[in-house]
Amino acid sequence: MTNKDLIHLHDQHIMGTYGRFPIALSHGKGATLYDFDGKAYIDFASGIGVNSLGYGNEAWVRAVAEQAARLGHVSNLYYTEPAARLAEALCRRTGMDKVFFANSGAESNEGLIKLARKYSHDKYGPERSQIVTLHQSFHGRTISTLAATGQDVFHNHFFPFTEGFVHVPAGDIDALKTAAGTGTCAVLLELIQGEGGVLPLDKVYVAEVAAFCKAQDILLLIDEVQTGIGRTGSLFAFQQYGITPDGVSFAKGIAGGVPFGGFLAAETCSTVLGPGTHATTFGGNPIGAAAAGVVLDTLTDETLREITDKGRYIQEQILSMQNPYVAEIRGLGLMIGIILQDISHKEVVGKLGDAGVLALTAGSETLRLLPPLTISYAEIDTGLAILQSVLTP
């Protein structure tokens, strides 16, 4: 099959809900992908931050294959070993108390929303249900997580949205306190707003939010769907901010390419959701949990330091290009935003694809890089050389 053949077959039968690039991918190794015509691509996107170990990782492949042969799925009516071991590892490495396993980032954030509202309903009654989020945030594409998202561009077509969300400017603690009032049950934050433009929150501001939430018995929820699982150089970004959240969502890179997600709850609210209050058929699936176990085992302290070093190296190399189109670089670890000027970020991503690099956009002007956490320096250098050629006036 050729690229053209696959694209034609796809377009005949799959809904056109994505603006896809004309690239049909066949296989990969490390952080390099190949299309059906044999062309190679350096992957600076990793399936939008999902393929944390790249492609063809032997331990990951072996764990998935062996678990699939042993036990693929049994539902949450029964106990399975991979989910239990994964939950223990997540709680031990984060200091959180319990975990709920789901399938995607949006579903994980839906779970946090339910957790917060039931926590407050149990203690204060139904009137304390509002959740405060930030402008430029992104929390998912379900009706409720779209309502939680603080970007007007997403608030179209699907009315009515779920009520009970208010959005405030990032960094303005007074605006947040005013919006919270007396009817708020939770504040939901991304510590780095990924889809909004790779926008890191100020650590002093986050500490002020955490202190306010604790004083008011408002749950502090951190959306780590994109920033979690080693992406920023620590297992979760909140560990670099010196805070202890009440709830933390995760997905994307947790299982290295298998659909998997969930949320962690601190002791403050870990018993709020009892039998019958929340569920999902595929949550904690043994294959996904086995894959996630390999990802966590790979993310040792040494690996996390390497992620930080690689991210710093990428930023330094891009700055050394002194390119007139590059206005600023921001981010942590291997979550990098290149703010462009005098050129379209969408145009740049298209040209990069043509030249053999896969990258992403974010916000209105940001080129976003989310390479596999295991990308080699040789692959980084090859990708950056192509980036430099594409950005050369």
Side-chain angles (χ1 to χ4, degrees), residues 83-102 105-124 128-134 137 139-140 145 148 173 176 180 184-192 201 203 205-232 234-252 254 260-275 277-280 283-284 289 292 296 299:
R85 292 194 180 279
L86 177 62
E88 187 277 332
L90 284 167
C91 291
R92 172 172 44 83
R93 294 183 64 173
T94 61
M96 304 297 277
D97 193 52
K98 293 187 185 298
V99 64
F100 178 91
F101 290 125
E107 187 186 354
S108 301
N109 285 332
E110 287 267 0
L112 283 185
I113 291 165
K114 290 179 68 174
L115 175 75
R117 287 186 169 163
K118 187 171 187 299
Y119 171 84
S120 197
H121 184 280
D122 290 348
K123 293 186 72 172
Y124 302 104
R128 201 173 188 263
S129 59
Q130 178 177 267
I131 295 176
V132 179
T133 71
L134 301 181
S137 62
H139 299 293
T145 55
I173 187 64
L176 186 143
T184 293
C185 66
V187 173
L188 174 61
L189 305 176
E190 298 167 279
L191 296 175
I192 303 176
L201 297 187
K203 290 186 177 181
Y205 169 72
V206 172
E208 291 175 334
V209 174
F212 172 74
C213 288
K214 184 174 182 180
Q216 301 298 318
D217 195 21
I218 292 171
L219 294 191
L220 176 59
L221 310 177
I222 305 298
D223 176 349
E224 295 243 25
V225 169
Q226 189 166 153
T227 56
I229 318 302
R231 176 56 55 187
T232 65
S234 53
L235 188 60
F236 286 93
F238 80 80
Q239 294 169 314
Q240 297 186 53
Y241 275 76
I243 59 171
T244 303
D246 296 291
V248 180
S249 62
F250 58 87
K252 288 194 180 293
I254 179 66
F260 206 85
F263 61 89
L264 289 150
E267 189 175 3
T268 50
C269 54
S270 64
T271 61
V272 167
L273 296 174
T277 59
H278 194 49
T280 180
L296 285 195
L299 294 177

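- Of the N and O atoms on the side chains of Glu267 and Ser270, not one donor lies less than 3.5 Å from an acceptor on the other residue.
- Although no hydrogens or angles enter the test, the distance criterion places a donor-acceptor pair under 3.5 Å between the side chain of Glu224 and the main chain of Phe238.
- Of the possible donor and acceptor atoms, one in the side chain of Lys203 sits under 3.5 Å from a partner among the backbone N and O of Gln240.
- The distance from atom CG of Leu188 to atom CD1 of Ile222, rounded to the nearest 0.5 Å, is 7.5 Å.
- At least one side-chain heavy atom of Phe101 sits under 4.5 Å from a side-chain heavy atom of Leu86.
- Atom CE in Met96 sits 7.0 Å away from atom CG in Asp246 (nearest 0.5 Å).
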Applying side-chain contact (heavy atoms from CB on, under 4.5 Å) to Ser249 and Leu221, what does each step give before you reach the verdict? CA-CA 8 Å; Ser249 62; Leu221 310 177; over 6 Å; no

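- Looking at Lys114, its side chain does come within 3.5 Å of a backbone N or O of Thr277 through a donor-acceptor pair.
- Note that CG of Leu264 and OG1 of Thr94 are 5.0 Å apart. Values are rounded to the nearest 0.5 Å.
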Apply side-chain contact (heavy atoms from CB on, under 4.5 Å) to the pair Val206 and Ile243, showing each step before the final yes or no. CA-CA 8 Å; Val206 172; Ile243 59 171; 3.8 Å; yes

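- Side-chain contact between Val132 and Ile218 is absent, with no heavy-atom pair separated by less than 4.5 Å.
- No side-chain heavy atom of Leu115 sits under 4.5 Å from any side-chain heavy atom of Phe100.
- Looking only at side-chain heavy atoms (C-beta outward), Leu220 and Lys214 stay at 4.5 Å or farther from each other.
- Side-chain contact between Leu299 and Arg93 is present, with heavy atoms from C-beta onward closer than 4.5 Å.
- Here the side chains of Leu235 and Phe250 are not in contact, with every heavy-atom distance at 4.5 Å or above.
- Side-chain atoms of Ser234 come within 3.5 Å of backbone N or O of Phe236 as a donor-acceptor pair.
- Atom-to-atom distance recorded for Asp97:CG and Thr271:OG1 is 8.5 Å, nearest 0.5 angstrom.
- Summarising the local packing, NZ of Lys118 is surrounded by more than 12 heavy atoms from other residues, nucleotides or ligands at distances under 6.0 Å.
- The side-chain heavy atoms of Leu201 and Leu134, taken from C-beta on, include a pair separated by under 4.5 Å.
- Between Cys213 and Leu219, the closest side-chain pair of non-hydrogen atoms is not below 4.5 Å.
- Checking Asp217 against Tyr124 by side-chain atom types alone, a donor-acceptor pair falls below 3.5 Å.
- One distance of note links NE2 of His139 with CG of Leu189; it measures 7.5 Å at 0.5 Å rounding.
- Here CZ of Arg128 is found 7.5 Å from OG1 of Thr184. Values are rounded to the nearest 0.5 Å.
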